[in-house]
Number of protein chains: 2
Amino acid sequence: MILTSKIESFVMHCGEMGSRWGFNRTVGQMYGLLIIHQEPLTAVDISEALNISRGNVSMGIKELQSWRLVQVQHKPKDRKEYYSPAGTIWEMATRVFEERRKREIDPTLSLLRDNLLDEPANQKEVYAQEKMHEIHDLLETVTHWAGELQSMSPDKLNTLMKLGAGVTKVINLKDKLINKS
Amino acid sequence: MILTSKIESFVMHCGEMGSRWGFNRTVGQMYGLLIIHQEPLTAVDISEALNISRGNVSMGIKELQSWRLVQVQHKPKDRKEYYSPAGTIWEMATRVFEERRKREIDPTLSLLRDNLLDEPANQKEVYAQEKMHEIHDLLETVTHWAGELQSMSPDKLNTLMKLGAGVTKVINLKDKLINKS
DNA sequence: CTGAAGTTTCAGTAATTTCTGAAAGTTTAA
DNA sequence: TTAAACTTTCAGAAATTACTGAAACTTCAG
């Protein structure tokens with residue numbers, strides 16, 4: 001048994017949150033386990049630690065790879081694959097954000113763009129297009145600013161946060177400067 | 001039939017995306033319909049437009065109300081309840097964000113905080129706590145900055161976006177000003 | 001009161017998603 | 001080339017989630 005009870009509670013929590021974060025329970029547990037465990041783990045380790053079938057582990061790893069969240073390593077004289085989380089915590093969060101944007105926002109933006117190209121055929125469609133336009137612009141704005149945040153280092157953000165620098169204040173300042181010039 | 005085919009495609013799309021946005025297919029459809037339709041709709045209207053049972057509409061409305069996304073109206077001389085989306089598109093997005101934060105982030109932050117209060121019992125737990133600390137700090141930073149963005153008006157964000165003002169640039173500026181003073 | 005017009009609830013069923021385990025596939029050492 | 005050691009796949013079973021429709025409930029006009 002590789003799990004102490006405190007660690008187990010974290011792993012199980014990841015499982016429960018998994019579905020909210022975009023994957024299913026066992027995939028969530030697997031990811032939590034890989035993050036919290038210092039040494040890379042084999043598929044069998046995971047299967048035993050979480051009491052799930054070997055086949056399920058294989059599918060879960062595939063899923064995590066599609067999110068670019070795990071990496072595979074090999075040890076000399078050992079044919080097994082060893083799995084560990086890919087990148088820093090910040091990078092992982094960035095990847096989850098990006099993947100979710102692809103799944104949750106991009107398809108909608110694309111549908112909206114298509115729809116907005118057509119002429120409205122009647123009064124109802126005029127109203128509908130107005131709303132679609134609003135949603136479209138909002139989604140573009142949100143993805144733009146989310147991207148901006150992602151491109152910053154977490155250290156910098158933290159420092160600024162502790163300095164009490166709200167985006168609002170900062171941007172107001174910028175606004176004034178722009179208007180002056 | 002209240003749906004033209006173009007509008008129907010939007011509503012069905014909301015259904016498909018529904019589960020990714022945190023609710024289920026029919027709730028997604030219902031919300032899409034309410035947004036795209038200028039006049040408020042009764043439960044029966046919704047049930048007929050989407051071909052779902054009356055009971056399901058009732059449960060869906062309840063769900064949307066728990067997200068604070070619909071409001072109920074009454075017409076004089078008419079006992080029926082008329083439903084329409086609550087607030088502007090921006091407010092709706094803000095509410096979805098907030099609700100999702102409550103469901104997806106807050107429980108994890110709380111678990112992490114609890115766990116970080118305990119002394120690690122062995123080497124593995126020392127490592128585990130380090131990781132939990134990193135995740136904790138990241139989640140706090142992200143929610144902080146997300147809150148900042150939410151508190152801004154979308155107009156202002158759009159204007160700044162079009163001016164080419166990246167957060168990075170803006171914040172660098174602020175940084176310099178702070179260091180000077 | 002009464003009953004008509006509406007809403008909500010919830011047990012049972014339907015649909016969907018996830019998991020298992022056995023079979024098929026792959027890789028490598030000898 | 002063989003076989004051991006490992007991984008992947010996938011059909012069917014299990015678990016979960018969503019939906020229906022009938023009964024219970026609420027409200028209100030007469």
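We name chains A, B, ... by the order of the sequence lines, and we start the count at 1 in each one. Since the model is a prediction, treat every value here as computed from it, not as a measurement.
- In this structure, the nucleotide among dC19(C), dT8(D), dT9(C) sitting nearest to the side chain of S58(A) is dT8(D).
- Look at NZ on K77(A): it is 15 Å from C1' on dA5(D), rounded to the nearest Å.
- Two residues, M59(A) and D78(A), neighbour DNA chain D, and the one matched to the more 5' nucleotide by heavy-atom proximity is D78(A).
- Distances shorter than 4.0 Å separate some side-chain N or O of K62(B) from OP1 or OP2 on dT9(C).
- In this structure, CD of E48(A) is placed 16 Å from C1' of dT20(C), rounded to the nearest angstrom.
- When the side-chain nitrogen and oxygen atoms of R54(A) are compared with OP1 and OP2 of dT7(D), one or more of them lie within a distance under 4.0 Å.
- dT7(C) atom P lies 14 Å from atom CD1 of I52(B), rounded to whole Å.
- For T26(A), a side-chain nitrogen or oxygen approaches OP1 or OP2 of dC19(C) to under 4.0 Å.
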List the steps and the verdict of salt bridge (charged side-chain N to carboxylate O under 4.0 Å, His left out) for E98(B) and R95(B).
-> CA-CA 5 Å; E98(B) 260 171 37; R95(B) 282 179 194 160; over 6 Å; no

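- Counting non-hydrogen atoms of other residues, nucleotides and ligands closer than 6.0 Å to CZ of F97(A) gives a total of 12 or fewer.
- Taking the six-membered ring wherever Trp is involved, the centroid distance between the rings of F23(B) and W67(B) falls below 6.0 Å.
- Taking the side chain of A43(B) as heavy atoms from C-beta on, and the options dT8(D), dC19(D), dT7(C), the nearest nucleotide is dT7(C).
- Atom pair E63(A):CD and dT18(C):P shows a separation of 9 Å (rounding to whole Å applied).
- Between K80(B) atom NZ and dT7(C) atom P there is a gap of 8 Å when expressed in whole angstrom units.
- Side-chain atoms of R79(A) lie closest to dT27(C) of the nucleotides dA18(D), dT8(D), dT27(C).
- Salt-bridge formation is not detected for the pair R25(B)/E16(B): no Lys NZ or Arg NE/NH1/NH2 atom is positioned less than 4.0 Å from an Asp or Glu carboxylate oxygen.
- The distance between atom CD1 of I46(B) and atom C1' of dC19(D), rounded to the nearest whole Å, is 16 Å.
- Per the geometry, CZ belonging to R25(B) stands 6 Å off P belonging to dT16(C), to the nearest Å.
- Counting to the nearest Å, the P atom of dA14(D) and the CG atom of N56(A) are 16 Å from each other.
- More than 12 heavy atoms of other residues, nucleotides or ligands lie within 6.0 Å of CZ in R68(A), so this atom counts as buried by the packing criterion.
- Under 4.0 angstrom from either OP1 or OP2 of dT17(C) there lies no side-chain N or O belonging to N24(A).
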